[in-house]
Each structure stands twice: as structure tokens, then as C-alpha cells.
K.L.:
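Below you'll find the structure I mean.
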Amino acid sequence: MSAAVRIVEVGPRDGLQNEAALVPTDTKVALINRLSATGLTVVEAGAFVSPKWVPQMADTAEVLGRIQRRAGVSYPVLVPNERGLTQALAAGVTEIAVFAAASEAFSQRNINCSIAESLDRFAPVARLARDNGIAVRGYVSCVLGCPYEGEIDPAKVAEVSARLVELGCAEISLGDTIGVGTPGKAAALVRRVAEEVPVAQLAAHFHDTYGQALANLLACLDEGIRVIDSSVAGLGGCPYAKGATGNVATEDVVYMLEGQGLSTGVDLDALATIGGWISDAIGRPNASRAGRALLAKAG
Ligand SMILES: CC(C)(COP(=O)([O-])OP(=O)([O-])OC[C@H]1O[C@@H](n2cnc3c(N)ncnc32)[C@H](O)[C@@H]1OP(=O)([O-])[O-])[C@@H](O)C(=O)NCCC(=O)NCCSC(=O)C[C@@](C)(O)CC(=O)[O-]
């Protein structure tokens, strides 16, 4: 099993999409540029979704037009439909993500359609993306619980994941949207999904609402997961998941992984500085324990 882990930094998208006050485009551009200089190879840069549903992502085209794209770094965006893909292509993206859910109720609240309808909608998106040489990632939300339906059957997560792979998704990110999972359940989920989708194609995307994210990630690493989504300073929440806090903090993930002998290629001190800066910039407490400790140590 590989001793390197790829981190997908989702702060500029998942981390900011739920902010009530519009974050200035300048701040988003600076955040993405700074993150992509730390050794991170994937920085999710925005979402071509309806501005009525998620106003915070309305400037994604402008953000993409202004960032300095670094060689070796990809800047994926979320795309819910063909209209979003058209915008993504015009903005020159090389990677998109479609997003489904393992819960019917969450699917309705998040993208206003059933799971089956969402998969039908993604089919032409994925086809057109691949025809244009664009890599496609698939998210599955609510893999360890739903704010409306409660417990979610891992078999349903496996089914949705497998369908996304059939549609052409190269990677499936398993989202514990409301951070309710615990390590045993997270490991069992990965084992069940891996019956349908090779573990090498799976990523773990855990919110830290109940303080379980790092423990869950460790359990997933034991199951062979080597791609982890996280958000600098633990930014974020979900507009359709009341009370959900941010993603696990990237600083905390990098600290843990490097301590476990798993390399990330990320400059942790630089990341901690960015975490402190963006928290100040948007007036949020820095939710990264490792980040705060490193900043305190540096004085
Ligand atoms: C999917 C829709 C569009 C359906 O929304 P709808 O209302 O059913 O669809 P519609 O086709 O009737 O469109 C409504 C309006 O949006 C426009 N529209 C339609 N599509 C686009 C587009 N691509 N870009 C810009 N505008 C668009 C469309 O033109 C129309 O404008 P109007 O005619 O009313 O002026 C909507 O529900 C939506 O945008 N949802 C996005 C929700 C979202 O972004 N959620 C957060 C991301 S998912 C997440 O955070 C979870 C994740 C990934 O992190 C993993 C985890 O933690 O679980």
C-alpha cells in the first residue's frame, strides 16, 4: 500500500460556499494562489451551480480567470448539470466534480431532484466532459448519515458510487456531510463500497461536526484509502445540512499523516499561516487545532 496520500483541498469551495457574507473575489483568488503554493496538488476552486441556490459561488468564472494556475496543480469545480459544464469548459477547467447523494431527501434539498434523476442528469455531463478530455470526480453525500433520513444503508452508498463510476467518474469521494460517522462505521462503509469500486478510486470527505473526522480518516487509511478531502482551517459547512461544521482541517490531516509516516508533499507551516490568514479575513475562528498550535509556537 502506498506511503503517500493525495490531499484534495476543498476550502475555497466547500469551505466558503456556506458563508453568509459574500467573500470578496480577491480573497478567494488569494486563497487559491496561496494554497497552490504549499505543495497541494488539487485545490477545488469553485462551483458552477445556480447562484440562487448558492450565491457564494456566483463568481467562480471570475475566480478561475484570475488565479495563477501552477503546473502540477489542478483546480476542479463542481458542476450539477450541462449548463454548469458549459461554463466550466469556457473557463478552461481540466477537472470537474458531479455530486450525488445516498439519501433521497438530501438529494431533493441539495439539487432539487431524486437520486435517479441526478444520475440521469450527470450521464451527458460526464460524457461531454470526457469527450473534452476533462476528468470527472463523483461525490456521494450523506454516506454515514443524513440530516433528514438518519441512518444510511452502506449498500445504497455502494450502489450510487458504482453508478457514478459507470458514468465515467474516475474517483468517488465519500462525504460524511454532517460529520456523524464513527471509525468502525467508516471502515465498514469503505469495505462495503470497495466491493463495487476499487479502494484506489475512493476518497474520504469528512466533516468534523462531532469531532470524529481524524479518527474516521485513520480507520479509512487502514482500509486502504489514499485520497483525503480537507479544508484549510476547517472552513465550511453545508447549506443543506443544518448545523454541519466544516471539513476536517487540512493542517490537522497533514500533521497526522506525516506523523504516521505517510507523505503529503505539503508545507505544513505555510498551510498553518494561510489558515490563520483566511480565518481572520472572513472573521471565523481557526478550527484547526494543529494550525493554532503551530501559529502559537511560531509566535
Ligand atoms: C442543480 C440546480 C441547478 C437545480 O435547480 P432547479 O431550480 O431545480 O433547476 P432549474 O434548471 O430550474 O434552474 C433554476 C435556476 O438556476 C439556473 N441554473 C441552473 N443551472 C445552473 C448552473 N449550472 N449555473 C448557473 N445557473 C444555473 C437556471 O437558469 C434557473 O435560473 P432562472 O431561470 O430561475 O433565472 C440547483 O439545485 C443547484 O444549483 N444546486 C446546487 C447546490 C449546491 O451547490 N450545493 C453545495 C454543493 S454539494 C456539497 O456541498 C456536498 C459535498 C460535495 O461537499 C460533499 C459532502 O460533504 O457531502
Side-chain angles (χ1 to χ4, degrees), residues 10 13-14 17-18 44 46-58 60-61 76-91 93 95-132 134-178 180 189 193 196-197 202-203 205 207 229 236-244:
V10 296
R13 194 276 304 171
D14 206 353
Q17 70 185 8
N18 200 34
E44 204 172 62
F48 286 111
V49 296
S50 166
K52 287 186 182 152
W53 286 66
V54 185
Q56 192 66 252
M57 292 291 111
T60 293
V77 295
L78 259 56
V79 162
N81 52 22
E82 286 185 79
R83 172 153 176 205
L85 180 65
T86 306
Q87 293 172 270
L89 290 172
V93 307
E95 190 177 336
I96 62 158
V98 294
F99 47 107
S103 143
E104 286 293 352
F106 187 85
S107 183
Q108 289 290 350
R109 303 274 181 125
N110 194 36
I111 50 176
N112 206 25
C113 64
S114 69
I115 297 169
E117 284 164 343
S118 75
L119 295 169
D120 286 348
R121 197 181 277 174
F122 296 149
V125 174
R127 207 168 34 241
L128 206 59
R130 283 182 305 145
D131 288 351
N132 282 279
I134 307 289
V136 186
R137 174 181 231 224
Y139 278 103
V140 184
S141 286
C142 298
V143 300
L144 290 167
C146 168
Y148 314 108
E149 293 183 10
E151 292 274 324
I152 294 293
D153 184 353
K156 184 69 191 174
V157 182
E159 180 196 321
V160 175
S161 301
R163 283 284 295 126
L164 286 168
V165 170
E166 272 170 34
L167 294 181
C169 293
E171 185 168 283
I172 302 298
S173 175
L174 301 171
D176 183 9
T177 313
I178 51 171
V180 288
L189 173 76
V193 177
E196 318 281 338
V197 177
L202 300 177
H205 177 109
H207 288 255
D229 299 358
C238 174
Y240 306 106
K242 210 173 174 187

K.L.:
State the CZ-CD1 distance between Phe106 and Ile115, to the nearest 0.5 angstrom.
P.N.:
11.0 Å
K.L.:
Compile the donor-acceptor pairs under 3.5 Å between side chains in residues 77-91 and protein atoms, sequence neighbours left out, one pair per line.
P.N.:
unit_1	atom_1	unit_2	atom_2	d
Asn81	OD1	Arg83	N	3.4
Asn81	OD1	Gly84	N	2.9
Thr86	OG1	Glu82	O	2.9

K.L.:
Glu117: what forms a salt bridge (charged side-chain N to carboxylate O under 4.0 Å, His left out) with it, not counting sequence neighbours?
P.N.:
none
K.L.:
Which heavy atom of Pro147 sits nearest to which heavy atom of Ile178, and what is that distance?
P.N.:
N-CD1, 3.6 Å
K.L.:
Distance check, rounded to the nearest 0.5 Å: Ser141 atom OG versus Ile152 atom CD1?
P.N.:
10.5 Å
K.L.:
Quick check for you: to the nearest 0.5 Å, what is the distance between Ile96 atom CD1 and Glu44 atom CD?
P.N.:
11.5 Å
K.L.:
Using every non-hydrogen atom in the two residues, find where Trp53 and Arg109 come nearest and quote the distance to one decimal.
P.N.:
CZ3-O, 3.2 Å
K.L.:
When Val98 is tested against each of Ile111, Val125, Leu119 for side-chain contact (heavy atoms from CB on, under 4.5 Å), which residue passes?
P.N.:
Val125
K.L.:
Which residues satisfy the ring pair (Phe, Tyr, Trp, His ring centres under 6.0 Å) test with Tyr139, sequence neighbours excluded?
P.N.:
His205
K.L.:
Taking the side chain as every heavy atom from C-beta outward, state whether Pro51 and Met57 have any pair of such atoms under 4.5 Å apart.
P.N.:
no
K.L.:
Could you tell me whether a side-chain N or O of Asn132 sits under 3.5 Å from a main-chain N or O of Ile134, the two making a donor and an acceptor?
P.N.:
no
K.L.:
How many angstroms lie between atom OG of Ser103 and atom CD of Gln108, to the nearest 0.5 angstrom?
P.N.:
9.5 Å
K.L.:
Considering all heavy atoms of both residues, which atom of Ala100 and which atom of Leu164 are nearest to each other, and what is their separation?
P.N.:
CB-CD1, 4.3 Å
K.L.:
Can you run down the salt bridge (Lys or Arg N to Asp or Glu O under 4.0 Å) pairs that involve residues 96-108, sequence neighbours left out, and say none if there aren't any?
P.N.:
none
K.L.:
Taking all non-hydrogen atoms of both residues into account, name the closest pair between Leu144 and Val180 and its distance.
P.N.:
O-CG2, 3.2 Å
K.L.:
Please walk me through it: do Gln17 and Val49 pass side-chain contact (heavy atoms from CB on, under 4.5 Å)?
P.N.:
CA-CA 11 Å; Gln17 70 185 8; Val49 296; over 6 Å; no
K.L.:
Suppose we screen for salt bridge (charged side-chain N to carboxylate O under 4.0 Å, His left out). Which residues come up paired with Glu196, at least two apart in sequence or across chains?
P.N.:
Arg192
K.L.:
Mind checking the CG-OG spacing from Leu202 to Ser161? Nearest 0.5 Å is all I need.
P.N.:
7.0 Å
K.L.:
Nearest 0.5 Å, what's the NE2-OG1 distance between His207 and Thr177?
P.N.:
6.0 Å
K.L.:
With the side chain counted from C-beta on, respond yes when Ser107 and Cys142 share a heavy-atom pair under 4.5 Å apart, and no when they do not.
P.N.:
no
K.L.:
Where do Ala102 and Val157 come nearest, in terms of heavy atoms and distance?
P.N.:
CB-CG2, 3.8 Å
K.L.:
Would you list the atom pairs, donor with acceptor, under 3.5 Å between side chains in residues 166-173 and any protein atom, with sequence neighbours excluded?
P.N.:
unit_1	atom_1	unit_2	atom_2	d
Glu166	OE1	Arg163	NH1	3.0
Glu171	OE1	Arg6	NH2	2.4
Glu171	OE2	Arg137	NE	2.9
Glu171	OE2	Arg137	NH2	2.8
Ser173	OG	Asp229	OD2	2.7

